Each structure stands twice: as structure tokens, then as C-alpha cells.
Protein chains: 2
Amino acid sequence: MSKKMSNSQISTEDRIKEAAKKVFLEKGFDGTTTRDIAKQAGLNCALMNYYFRSKQKLFSSVFEDMLILFFQGMTNILNKPISLKEKVVELVNHDFRTLVENPSLTNFVLNELHREPERFGQTFNAHKMVNEALLARQLEEASAKGEIRPIDIKNFFPLLMANIHFLFLCKSMTMETWNMTEADFVRFAEKHKDMVIEMVTDYLFLPQEVP
Amino acid sequence: MSKKMSNSQISTEDRIKEAAKKVFLEKGFDGTTTRDIAKQAGLNCALMNYYFRSKQKLFSSVFEDMLILFFQGMTNILNKPISLKEKVVELVNHDFRTLVENPSLTNFVLNELHREPERFGQTFNAHKMVNEALLARQLEEASAKGEIRPIDIKNFFPLLMANIHFLFLCKSMTMETWNMTEADFVRFAEKHKDMVIEMVTDYLFLPQEVP
DNA sequence: AAGAATTTTAATCAGTTGTTTAAATTTTTT
DNA sequence: AAAAAATTTAAACAACTGATTAAAATTCTT
């Protein structure tokens, strides 16, 4: 099981994983058959087990990647040495772009976590992606200085994520309801995103006194 | 196939549907087997087909109910002859209570709609639950009077629903992350709900001039 | 180029799935 | 109470699923 892949030639292992990612994201673990994946990858169904041993193992591999993608914004941006307001704006914009590129990411991750909640701790703790202590301190300091409303870090996360992620969870419903094309939806989502940024920052950041 | 049920005796059909609701909500259509449902209902697996003809038909029956439950708040409250602010507050509170009672409702409905987006139009249009014209006019009037920010009805719905529903979509993740009990989570969610009501109304409703 | 190691394939297996059948049981009608 | 209708059951079916096997094809090593 060694890598034979020469330059710029995509390996069979990667082809299988790409196919698996595509099918799993669309149909979920339970709705996906190993034959679906093999067909999508354009190869024999036994090859999947040759490289990944089982459907479970292949799924776990894909799921880990998707969980990291899901939390990439929090990881990279909330740990940055920038102001709170910058963090809020950057994170919402980052998640928006990620979800435009991967519209079913949220549904996939949250649904699979609903099926097997243990998976979260297993993968996430292993990467311990957000430095909670740092962010919690920043929230406390800003609140002490009267820059923001006092807010628990527990409430901070969903406040940032809910509005954007929910939009893409309802994507098909929204498009059907308002007869939107793909482009229509992205425009609508972008407008909504800007509205949300304004609403959240207006709420969170208090007007500063000018001495 | 007539109803034999006497007083206060739950019919077999209802027992099957209750069992199906429980299992489908937890595992989804793909993750559920007919034998799961039969076992949960405590009866033979062939009886399910005697009453509902197929897994699909039974699922459709459950799904319709859940879609109605999902949109009950919008249906009942947004059509009421009350002020916009009252509608916002009532709707968020209503959805919160519904989700405390049915924590996996959102995940179930959105995930099944993601699997088969056509289902939405089929069931929802048949009930045409929200009088869009009425609400749209109310939004326009309030905006013309300077009571609220100008807002498209398309943006109004997700603004009301996203924060509460997302909270329950992340329930297992949140509880695991912050080591919460069931009661802890409900307290947390309630606090978050109040915060969201404040944020949304603060954003939506403009301060009125006193003459 | 020959042999060894790796990769890919077709065929198959054992278990599960949704559904059906035919018989047994219960309820309703006469 | 007997006959008819409705309900419930155990058993089985055919299709599908994840996985394995053993052989074929390819690549690597010498």
C-alpha cells in the first residue's frame, strides 16, 4: 500500500476519497452505499476496501476533514491577534464564503453529529482548535472596558454562526419558495450576511463615549 | 381497515405512527429500518404495511406532521392581527418551546428536505400556511412609517428562525463541549433566546421620535 | 527480461432490508 | 353461536448491502 503517484497524477486513494466526500455530503452516511462511491470514483467497489478497509473508516476520514473545514474560521480567525470587531466580521465573511463553496457542509456535519454525538469529542478535542481561554479573556476585557455587552463565550459562538449556517441549511427550501436560481440565492445570501453582520455588531458593540 | 378503537384506547395505527415518529426523528429515513419501528411499537413488522402500505408512505405521513409542527409558529402567529413586534417576540418564544419539547425536529425536517427538496412544495403548498401578502404589506407599512428598517420578507423569515433553530441543531455538540446536563442546556438555550429577541428587535425596530 | 510486489478486477458470500404470503387470531355481523 | 370480516402473526422472498476472495493486470525490483 505505498504511494505510486508521480507528478500531478491524482492517486487512486485520493480519487476514492474525493468521490466519497461528494456522495457522503449529499446523501449522508446512511443514505450512501459503497457501490455509490465506487461508481462516482469510476472504479471497482472492492478497491474502496483495499485502501480504506471499510465504509466506516472511509467515512471517518471524510468526516474529519469536513469537521475541520466547518470549524476552520473559528480556528484561524478567533485565535488571531486582532480586535473583537474584526474577528466577528472576518468570521462571518469566512463562513459565508466556505458555505458558498460547500453548500451542504452544515447539513452534513450537524446531521452526522446528531447521529453519533461522540464523534465530536473524538475528532474535535484531538485538534483543540479554538483557544477558549484567549477568547474568553478578550470578551471579558472588552466587556470591562464597556466596549461590548457582557456576553458568555457559550453564547458568543452560536451568535456568530447561527445566521449564516441556517441560511444554507434552508437553501433548497428558500430557492423553491422564491423561485431562485443558484445565482439568485448567492446574491440573496450575501445581502442577508451583510444584514447579519450589522445586526450582530450593532448589538454586541456598545457606542463609545467621545471625551 | 375501519376504526375499532373505543374510548381512550390508542389505536394500532396511532401506535405505529407514534413509534415511527420517534424512530424517524432520531435516525432519519435512511437510518431507520421497518423492524426498528415494529420493535419500538411492540408489534409485528408486517402490521406496518397492513396499515401504511410501505415505509415510504408511513414516512410521508410522519413527515407531513413534522413539517406542520415546524411551521406552526409562522402559521398561527404571523397571520394574527397583532403588531410586528408582538409577532417577533411571540414567534421566537413559540419556536423555543416547540424545540424544547422536540429537540431533533429541526435536524429531522431540514435533513429530509435536503434529501428530497421536492417534498417541501408538495406538503407545504398544500397547506399554504403563511399569508405572505399580509405580512409583506405589514412590513412595508411599518417601514414607510419609519417604525422598522426596510426589510425584504425573504430576509425576515430566516432572521426570526435561524438563531433558535441553530441552537437546537447544535444541542449535542454544545452539551458535550460545556459538560451540560439536559436542564443546563435548557437554561442556556432560554437565556440565549432572550438575548436573541433583544438583538433582533433592537435591530429591526427603530427608535420612535417623541413629538 | 524474469520474478516479486502491488494494484485492480469480477465473482461471491453472508447478513440485512422492505415487502409479501398464507395461516392464525380476534372482532363484528347475522 | 355460526359465518364473515378485520386484525395480527410467523415465515419467507427477492433485492440489496458491506465485505471478502482469488485471480488477473500492472508496476517495481533485480
Side-chain angles (χ1 to χ4, degrees), chain A residues 1-64 108 111-112 115-116 119, chain B residues 1-64 108 111-112 115-116 119:
Chain A
M1 207 194 281
S2 71
K3 322 281 167 185
K4 67 161 185 198
M5 171 189 68
S6 68
N7 242 349
S8 78
Q9 184 68 352
I10 189 168
S11 74
T12 304
E13 194 172 335
D14 289 345
R15 252 173 66 209
I16 295 174
K17 198 161 167 182
E18 275 305 304
K21 177 188 158 183
K22 186 165 180 181
V23 182
F24 277 139
L25 268 170
E26 208 50 47
K27 307 203 196 187
F29 180 81
D30 289 327
T32 299
T33 70
T34 53
R35 284 163 177 85
D36 282 340
I37 299 173
K39 186 178 228 177
Q40 174 70 35
L43 39 76
N44 191 285
C45 136
L47 250 192
M48 200 209 74
N49 277 36
Y50 177 74
Y51 281 101
F52 291 91
R53 302 186 33 143
S54 73
K55 181 190 176 188
Q56 265 295 340
K57 294 247 170 55
L58 174 54
F59 174 79
S60 294
S61 172
V62 171
F63 183 74
E64 276 194 30
F108 173 73
N111 189 55
E112 298 301 337
R115 243 183 6 102
E116 301 182 301
R119 276 194 177 278
Chain B
M1 207 193 280
S2 72
K3 320 282 166 182
K4 67 161 185 197
M5 171 188 69
S6 67
N7 242 348
S8 79
Q9 183 68 351
I10 188 169
S11 74
T12 304
E13 194 172 336
D14 288 345
R15 252 172 68 209
I16 295 174
K17 198 160 168 185
E18 274 306 304
K21 176 189 158 183
K22 186 165 182 180
V23 181
F24 277 139
L25 268 170
E26 208 51 47
K27 307 201 194 189
F29 180 81
D30 289 327
T32 298
T33 71
T34 52
R35 283 162 178 84
D36 282 341
I37 299 173
K39 185 178 227 175
Q40 174 71 34
L43 38 76
N44 190 283
C45 136
L47 250 192
M48 201 208 72
N49 277 35
Y50 177 74
Y51 281 101
F52 291 92
R53 302 186 34 141
S54 73
K55 180 191 177 188
Q56 266 294 340
K57 295 248 169 54
L58 174 54
F59 174 79
S60 294
S61 172
V62 170
F63 183 73
E64 276 194 31
F108 172 73
N111 189 54
E112 298 302 337
R115 240 182 10 101
E116 300 181 301
R119 276 192 178 280

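Chain naming here is simple, since letters A, B, ... match the order of the sequence lines and numbering starts at 1 in each. Keep in mind the model is a prediction, meaning the values are calculated, not measured. Values reported hereafter were calculated over all heavy atoms of this structure, with side chains retained and with hydrogens, waters and symmetry mates removed.
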Whole angstroms only, please: what is the [atom1]-[atom2] distance between [X] and [N]?
X	N	atom1	atom2	value
B:R15	D:dT9	CZ	C1'	13 Å
A:Y51	D:dA19	OH	P	18 Å
A:D36	D:dG18	CG	P	8 Å
A:I10	C:dT7	CD1	P	16 Å
B:L47	D:dA10	CG	C1'	12 Å
B:E13	D:dT8	CD	P	11 Å

**Request:** Could you note down all residue pairs passing salt bridge (Lys or Arg N to Asp or Glu O under 4.0 Å) where residues 40-49 of chain B supplies at least one of them, sequence neighbours left out?
**Result:** none
**Message:** Could you measure the distance from the CZ atom of A:F63 to the CZ atom of A:F108? Nearest 0.5 Å is fine.
**Reply:** 6.0 Å
Report the residues that fulfil side chain to side chain donor-acceptor pair (under 3.5 Å) with [X], sequence neighbours left out, ordered by chain and then residue number.
X	result
A:E18	none
A:R119	A:Q56, A:S60, A:E116
A:S54	none
A:K17	A:S61, A:D65

Give me the distances for all protein-to-nucleotides 16-22 of chain C N/O pairs that come in under 3.5 Å?
residue, atom, partner, partner atom, Å
C:dG18, OP1, B:T32, O, 3.2
C:dG18, OP1, B:K55, NZ, 2.9
C:dG18, OP2, B:T34, N, 2.7
C:dG18, OP2, B:T34, OG1, 3.0
C:dG18, N7, B:R35, NH1, 2.8
C:dG18, O6, B:R35, NH2, 3.0
C:dT19, OP2, B:K55, N, 2.7

**Fill in**
Sorted by number, residues from residues 16-23 of chain A placing a heavy atom under 4.0 Å from DNA chain C are none
**Item:** B:T12 side-chain N/O to D:dT8 phosphate OP1/OP2 under 4.0 Å
**Value:** yes
**Request:** Indicate whether OP1 or OP2 belonging to D:dA19 is found under 4.0 Å from a side-chain N or O atom of A:Y50.
**Result:** no
**Complete:** Taken in chain and number order and not counting sequence neighbours, the residues that satisfy side chain to side chain contact (heavy atoms under 4.5 Å, CB included) with B:N49 are none
**Message:** Testing the basics here: between B:T34 and B:K55, what is the closest heavy-atom pair and its distance to 0.1 Å?
**Reply:** CG2-CB, 3.9 Å
Please tabulate, one pair per line, all N/O donor-acceptor pairs under 3.5 Å involving side-chain atoms of residues 36-48 of chain A, not counting sequence neighbours.
residue, atom, partner, partner atom, Å
A:D36, OD1, A:T33, OG1, 3.4
A:D36, OD2, A:T33, N, 3.2
A:D36, OD2, A:T33, OG1, 3.3
A:N44, OD1, A:A46, N, 2.7

